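Notes for the one structure printed next.
Note that the structure is predicted; figures quoted are calculated from it, not measured. Below, chain A is the first sequence line, B the second, and so on; all start at residue 1.
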Amino acid sequence: MAVITKYDDRTMSYSEQEQVRRDALQSIKELGINPYPSEEFQVNAYSAEIREKFDPEAQNYQEVALAGRLMMKRIMGKASFAEIQDKDGKIQLYVNRDEICSGEDKTLYNQLFKKLLDIGDFIGVKGRVFHTKTGETTVHVTELVLLSKCLRPLPVIKEKDGELYGSFTDPELRYRQRYVDLTVNAHVRETFIKRSKVVAAMRNFMVSKGYLEVETPILQPIYGGASARPFKTHHNTLDMDFYLRIANELYLKRLIVGGFDGVFEFAKDFRNEGMSRFHNPEFTMMELYVAYKDYYWMMDFTEEMLEYVAMEVHGTTELQVGENIISFKRPWKRYTMYEVIEHYTGVDISEMDEEALRAVAKDQKVPLEPSMARGKIIDEIFSERCEHHLIQPTFITDYPLEMSPLAKKHRSAEGLVERFEAFCNKKELCNAFSELNDPIDQRERFEEQVALGIRGDEEAMMLDEDFLRALEYGMPPTCGIGIGIDRLCMVMTNSNSIQDVLLFPQMKPEQPKVVVEENEEVE
RNA sequence: GAUUCGGUAGCUCAGUUGGUAGAGCAUCUCCCUUUUAAGGAGAGGGUCCAGGGUUCGAGCCCCUGCCGAGUCACCA
């Protein structure tokens, strides 16, 4: 029987450059140098700070200690230039043989630095900062230690006159080996720093308003809160199936029932659906629920928060996104669903029945399925004729009731719910509504969903009896919102694909180079 | 899912009508004490994604598969 015994393609052979590095590793050990030392290396400065603040007149930064990855070596005999990269970027080093080797023994320079250190190695240096003849801010190295040996060749990217040579651009390699991508592509590091700032800004903003950050289950016996197909998993001890959450809405509302009046969660949600440049199977949603508020209040809140986020991340509310400048400055435009459709099609559909709507759709060249009801048709017309116009942040309000089984019926308009979505750069940014807190109405809406499920709608919601019980105890009037963090980050970082704002986007597993050995048949 | 494009050296990419596999950077040897895509002299390095087929001969043509990207459709 053939048994897979090894997944390690390294056992086969090393490339020339890998072998060179392993030989260097051995030579380093033979010099009595530990290539992976454990002692702390105390850093007292960073590259960006030095480049910004070094002043030759002031003679500052004369005793710096920096650590980072060696990114470039330019050896010129008895002196050399190199570059190291720390968390903030790169800075040049000047390494002089007789200064790092003050005695007769020049091994540290001639052997270790010139021959055994490779691009990618982590090193620590101490020295003084100066400007070279050409004006480059440089650390004149007096001490140099190896902190960690790199055994694989790193892509070497050079730049001249703004043009890059040898860029590491293959998307598959970049996503699979994000550590390499982050190392050699500065703009990738910046994207994820911005993502962190987006989340931090939102969290600060909500905490400052007095709202409570909570955590709710990812493993759920009944999934709910959105229309989507779930992932299923199994718990061994309980011997039962669970679903990975598709949304955290129903749990957060239970907390409002329990007496918190503002709760939010940054939640990884999971939807078992197609992948595209806008969709990853797991993605991050921020949901916030605030008691005693309605959706008008939430629109004001959303504008204020996202304007704040833009300022925190970019220092301005005007962002370059693709070919457009997008402004997050308040106030944003607001249209009802009927208004925006009239605006872009010239047709007032507010009083139309299904038959009339079908005629409008046909007229507007919006393809429809026979199964679509009135609400779905309106949604299609909007998606086809309006959505792609919405570049600047825009609120669309008052959605058809059938599309929103968890939203409260509109206070004055028949057949609508108190719901809004904000659109930006042609895509939905968030979804919010005055929450349905009438338990009898909610039960009827769930029952309609169950009926849809029986008819074969795989995205229909399940009836959550415990959630209904919670509502029966009474939930105050509440407004809730969900903001797609990945989509928001795409806008905030001017990224064209969701994969560019996910550190580890979902991909098919890499094919291991499997070594198969023929073994004896084992019973 | 549909459709188009791609996979060649460690990285980025050329590769003509089918005829010995190429460049820059990286790597190796030597020279070089303020360079910066450092420079000079030399050298090595390839399962051309995989498996079939056509052919005297395939990186190139045909088929199948794998992986990725773009566009379109649907969910955030």
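Nucleic acid contact for A:Glu159: sugar-phosphate only, since backbone atoms but no base atoms lie under 4.0 Å from a heavy atom of the residue. Using a 4.0 Å heavy-atom distance criterion, A:Lys376 is classed as a sugar-phosphate-only contact. A:Arg21 comes within 4.0 angstrom of no nucleic acid atom, judged by non-hydrogen atoms across all strands. No engagement by A:Gln19 is indicated, since no non-hydrogen atom pair under 4.0 Å with the nucleic acid exists. Among the protein residues, A:Ile75 comes within range of the nucleic acid bases, having at least one heavy atom under 4.0 Å from a base atom. A:Ser227 comes within contact range of the sugar-phosphate backbone alone, with a heavy-atom separation under 4.0 Å but no base atom that close. At a threshold of 4.0 angstrom between heavy atoms, the contacts of A:Asp98 include nucleobase atoms, whether or not backbone atoms are also involved. Among the heavy atoms of the strands lying under 4.0 Å from A:Gly77 is at least one base atom, whether or not backbone atoms are also near. Among the protein residues, A:Asp269 comes within range of no part of the nucleic acid, since none of its heavy atoms lies under 4.0 Å from any strand.
Taking atom P on both nucleotides, B:G15 is separated from B:A23 by 15 Å, rounded to a whole Å. Remark: the separation of the P atoms in B:A69 and B:G22 is 32 Å, to the nearest Å. Nucleotides B:G24 and B:A38 have their C1' atoms positioned 15 Å apart, rounded to a whole Å. Between B:C48 and B:G7, the distance separating the two C1' atoms is 10 Å to the nearest Å. Comparing the same atom, C1', in B:A73 and in B:G1 gives a spacing of 8 Å after rounding to whole Å. For the C1' atoms, the distance linking B:G39 with B:U34 amounts to 14 Å, nearest Å. Here, B:G6 and B:C60 have their C1' atoms 15 Å apart, quoted to the whole Å. With both ends at atom C1', the span from B:G68 to B:C49 equals 11 Å, rounded to whole Å.
Rounded to whole Å, atom C1' of B:U35 lies 14 Å from atom NE2 of A:His140. When rounded to the nearest whole Å, the span between NZ of A:Lys115 and C1' of B:A26 equals 17 Å. Taking atom CD on A:Glu18 and atom C1' on B:A26, their separation rounds to 13 Å, with Å as the unit. Counting to the nearest Å, the C1' atom of B:U35 and the CD1 atom of A:Ile91 are 15 Å from each other. Here the P atom of nucleotide B:G68 and the CD atom of A:Gln506 are 11 Å apart, to the nearest Å. Per the geometry, NZ belonging to A:Lys114 stands 17 Å off C1' belonging to B:U27, to the nearest Å. In this structure, A:Asp379 atom CG and B:A76 atom P are separated by 9 Å, rounded to whole Å. Distance NZ (A:Lys78) to P (B:U33): 4 Å, rounded to an integer number of Å.
Distance from the side chain of A:Phe168 is smallest for B:C11 among the nucleotides B:A37, B:C11, B:C67. Of all nucleotides listed (B:A76, B:U33, B:U71), B:U71 comes nearest to the side chain of A:Arg277. Of all nucleotides listed (B:G45, B:C74, B:C25), B:C74 comes nearest to the side chain of A:Glu380. Closest contact between the side chain of A:Tyr94 and the listed nucleotides B:A69, B:U27, B:U34 involves B:U34. Closest approach to the A:Val20 side chain among B:A69, B:A37, B:U27 is made by B:U27 (side chain taken as heavy atoms from C-beta onward). Here the nucleotide nearest the side chain of A:Phe130, chosen from B:U36, B:U27, B:U34, is B:U34. Side-chain atoms of A:Glu384 lie closest to B:C74 of the nucleotides B:C74, B:C13, B:G68. Of all nucleotides listed (B:U36, B:U33, B:G10), B:U33 comes nearest to the side chain of A:Ala79. When distances are taken from the side chain of A:Val156 to each of B:G10, B:C25, B:U35, the shortest belongs to B:C25. When distances are taken from the side chain of A:Lys158 to each of B:U35, B:A37, B:G45, the shortest belongs to B:A37.
Nucleotide B:G6 forms a Watson-Crick or G-U wobble pair with B:C67, both donor-acceptor distances falling under 3.5 Å. Shown here, B:C60 forms no base pair; nothing in the strands shown gives a Watson-Crick or G-U wobble contact with both key distances under 3.5 Å. Here B:U35 sits opposite no nucleotide as a Watson-Crick or G-U wobble pair (both hydrogen-bonding atom distances under 3.5 Å). The base-pairing partner of B:U16, taking Watson-Crick or G-U wobble contacts with both distances under 3.5 Å, does not exist among the strands shown. Partner assigned to B:A73 is none, using Watson-Crick or G-U wobble distances below 3.5 angstrom. Checking B:A43 for Watson-Crick or G-U wobble geometry (two distances, each under 3.5 Å) identifies B:U27 as its partner.
Aromatic stacking of A:Phe283 on B:A76: satisfied, with centres closer than 5.5 Å and planes within an angle under 30 degrees.
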Would A:Met462 and A:Tyr243 count as a side-chain contact (heavy atoms from CB on, under 4.5 Å) if you check the C-alpha gap in whole Å, the side-chain angles of each, and the deciding distance to 0.1 Å?
CA-CA 12 Å; A:Met462 299 170 86; A:Tyr243 300 100; 4.3 Å; yes

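In this structure a side-chain-to-backbone donor-acceptor pair under 3.5 Å is present from A:Asn280 to A:Gln506. Side-chain N or O atoms of A:Lys106 include one that pairs as donor or acceptor with a backbone N or O of A:Gly103 at under 3.5 Å.
A parallel orientation is assigned to the rings of A:Tyr109 and A:Phe113, their planes being inclined by less than 30° (bins at 30° and 60°). A perpendicular orientation is assigned to the rings of A:Phe382 and A:Tyr399, their planes being inclined by more than 60° (bins at 30° and 60°).
The local environment of CD in A:Gln26 is crowded, with over 12 non-hydrogen atoms from other residues, nucleotides or ligands closer than 6.0 Å.
Rounded to the nearest 0.5 angstrom, A:Leu244 CG and A:Tyr223 OH are separated by 12.5 Å.
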Could you list, one pair per line, each protein nitrogen or oxygen that sits under 3.5 Å from a nitrogen or oxygen of nucleotides 6-8 of chain B, together with the distance?
none

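Judged by distance alone, with hydrogens and angles left aside, A:Thr132 brings a side-chain donor or acceptor within reach of the base of B:U35, the pair sitting under 3.5 Å. Applying the 3.5 Å distance criterion, the base of B:A76 shares no donor-acceptor pair with the side chain of A:Glu428.
Place A:Glu136 and A:Leu173 on RNA chain B by their nearest nucleotides, and A:Leu173 ends up nearer the 5' end.
Partner of A:Thr394 under the side chain to side chain contact (heavy atoms under 4.5 Å, CB included) criterion, chosen from A:Arg334, A:Lys333, A:Glu421: A:Lys333.
The pair A:Arg245-A:Glu265 meets the salt-bridge criterion, since a charged nitrogen lies less than 4.0 angstrom from a carboxylate oxygen. No salt bridge links A:Glu459 with A:Arg229; every basic N to acidic carboxylate O contact stays at or beyond 4.0 Å. The pair A:Glu63-A:Arg128 does not count as a salt bridge, with every side-chain nitrogen at least 4.0 angstrom from each carboxylate oxygen.
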